[in-house]
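Have a look at the structure below before the remarks.
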Amino acid sequence: MIKHKKLKKWIQEMTRLCKPKKVIWITGSEEEKKRLEHQAFKTGELIKLDQKKLPGCVYHRTAINDVARTEKLTYICTKKKSDAGPTNNWMPPHKAYLKAKRIFRGSMKDRTMYVIPFSMGPIGSPFSKIGIELTDSIYVVLNMRIMTRIGDKVLEQLGDEGEFTKCLHSKAQLDIKKRLILHFPEDNTIWSVNSGYGGNVLLGKKCLALRIASFLAKKEGWLAEHMLILGIESPDGRIQYITAAFPSACGKTNLAMLIPPEGLKRKGYRIWTLGDDIAWMRVDSDGKLWAINPEAGFFGVAPGTNSKTNRNAMETIKKNTIFTNVLLKDDRTVWWEGGDGLPPRKGTDWKGYQWRPGMLDENGNLIPGAHPNSRFTAPAKQCPSISYRLDHHHGVQISAIIFGGRRAHIAPLVYEAFNWQHGIFVGATMASERTAAQYGKLGEVRRDPMAMLPFCGYHMGDYFKHWLGINKKMEKMPKIFHVNWFKLDEKGKFMWPGFSDNMRIIEWILSRCDSKKTPAKKTPIGYMPRIQDIDLRGLRLSEETLHKLFHIDKRLWYKEVKNIKRFFKTFGKKLPKELKSELAALKKRLK
Ligand code: O2Y
Ligand code: MN
């Protein structure tokens, strides 16, 4: 019997709106999971995979028009437009509720509404947040079961009066024309309708843990960031922790699960994974920055993941994993482009059609077996490199923050910001260039401050100000770095091998955070390594390539200054003066 009056009242209201046939409270038990899976196997919502080869694994296909987050249909609904800022779609709350209510009305008729109590962060941690997601999708329940902590123990933690984020989701008719992902930060509410996929519907993830949480974080004085968290155990047994923000699809999951190259492994380095996507950070009473991963699982991109690019991920997904939109093999196992092994001679593609390698569409393009954004949902605990501190209520102390982008020419492999304010400038001006696989013009620069452009729940000018102020409470600030694993040579080939070898750069980064810090060169853009301070043993890179990886092309940087100036104009009066003066200082240093 639920005693939380506000929760009870809200569920009654939402039930009246969506009119489900039944309401079921999710407890989080194993028996409940089996029952839901069984039901979904019967309707075809899920397909059971070969339980000998892939124990506990299931397969799901989404609607063909529902394969990724839909930024265009994602809104921040604050009373004042200026509170959402120029980088978000905005709708006033009364209009958004009215519009969405028309779509939600009766949307769960003849369906069951599942009530999922979930905790972002370890249950009971003072830094965790509780949400309640109402959904008509078993697929969502089973994903939330992996990605968050769910069930009775969360309700117990919530008690009779605890705060919670009200999350309402309905697949409705999966009609893209009526799809809406609405955030009401002032009401601590999220409404999502007419989608059944990923970031649109696992409301604990991007919607709560980033958009709503960033708003709460500003109000409460902490940071909700699109960052991986990693522990690096050094030869002396000490573990230092770092966070890193890269735009979507820049290899956060691979870096979070990195296996050091042989030479560094022999030295005694070891990596501990905390999280691959989101970090909540706050300054503690010791004046240091601490972080938790609010999630409990990985929702990773399948294509390109294999035993060479990410052995730990491949180990993680051997059991208890949900595969979405990958290729289904005839033996009820799965495959994807860039995965392990050769493509099967035949199978069923992500759309449900018979598939053979080399098949072409009507325009002569190769038909992929797996959708490029196909995913695995897997429990973090199954990762061989998972840190014992994943469930620690206090999280880990952060020594360095890394920002990064995908830049073909301009950004060197690594540089360090001069100080906190300069570091915020480096994060605020982060950018990536579009690859052939993405929409838009090839090479077009997309600014993505702190990788938060699609995820900041309020005005980004205020967000920069918040970052600039957070160090006031800090006694020991983490150092800030920028990396670019993606520099190209004249032939368009990557110059840096990336993946495991990124550990060599992380080793230098940590050496800069040490009390006996390694000397570095002062350049117009920041401190850069002396080549002799990076362990390059076992790597075959020519002197020329190394030189190019660290080269600063002043002509390109001048152009960058102009480009940043234009970008900064977007934020109008809300652009903090500190960022303007950092831009002017950069221009001056380039002279
Ligand atoms: O397309 C989606 O719905 C998933 S997007 C996603 C999933 C996991 C981690 N990060 C992201 C992202 O877009 O940043
Ligand atoms: Mn992400």
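Sequence positions, counted from 1, serve as the residue numbers for this chain. Because the structure is a prediction, the values reported are computed rather than measured. No hydrogens, no waters, no symmetry mates; every other heavy atom, side chains included, goes into these values. Counting starts at 1 for both ligands and their atoms, following the listed order.
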If we number the atoms of ligand 1 from 1 as shown, the ones under 4.0 Å from a heavy atom of G198 are 3 (O)

Would you mind naming the N, O or S atom of H226 nearest to the Mn ion (ligand 2)?
NE2

Check whether the ring centres of F376 and F299 lie less than 6.0 Å apart, and answer yes or no.
no

Minimum heavy-atom separation for Y197 to T324, with atom names?
CE1-CG2, 3.7 Å

Counting from 1, what ligand 1 atoms have a heavy atom of K205 closer than 4.0 Å?
7 (C), 8 (C), 9 (C)

Is there a salt bridge (charged side-chain N to carboxylate O under 4.0 Å, His left out) between K166 and D187? Walk through the geometry before answering.
CA-CA 8 Å; K166 303 185 274 294; D187 299 344; over 6 Å; no

Report yes if Y197 has an N/O atom closer than 3.5 Å to an N/O atom of ligand 1; otherwise report no.
no

Any side-chain heavy atom of N188 sitting closer than 4.5 Å to one from I212?
yes

Atom 10 (N) of ligand 1: closest protein heavy atom, distance to 0.1 Å, is K206 NZ, 3.0 Å

Could you find the nearest protein heavy atom to atom 5 (S) of ligand 1 and give me its residue, atom name and distance?
R69 NE, 3.5 Å

Measure the distance from atom 9 (C) of ligand 1 to every protein heavy atom, then report the residue, atom name and distance (to 0.1 Å) of the closest one.
D277 OD2, 3.2 Å

Just one of N502, D501, N484 clears the side chain to side chain donor-acceptor pair (under 3.5 Å) bar with W496, so which one?
N502

Take the angle between the ring planes of Y463 and Y458 and call it parallel below 30°, perpendicular above 60°, tilted in between.
perpendicular

Specify which N/O/S atom of D277 comes nearest to the Mn ion (ligand 2), by atom name.
OD1

Atom 3 (O) of ligand 1: nearest protein contact (heavy atom, Å):
G199 N, 2.8 Å

With heavy-atom distances below 4.0 Å as the criterion, list the atoms of ligand 1 near H226.
14 (O)

Scanning both residues in full, the closest heavy-atom pair of F403 with G423 reads CE1-O, 3.7 Å

Is the number of heavy atoms from other residues, nucleotides or ligands within 6.0 Å of CZ (R311) greater than 12?
no

Are the side chains of T348 and Y353 in touch, meaning some heavy atoms are under 4.5 Å apart?
no

Residue, atom name and distance, where the atom is the protein heavy atom closest to atom 7 (C) of ligand 1
R375 NH1, 3.1 Å

Give me the residue, atom name and distance of the protein heavy atom closest to atom 14 (O) of ligand 1.
S248 OG, 2.6 Å

Could an N or O of ligand 1 be found under 3.5 Å from any N or O of N200, whether backbone or side chain?
no

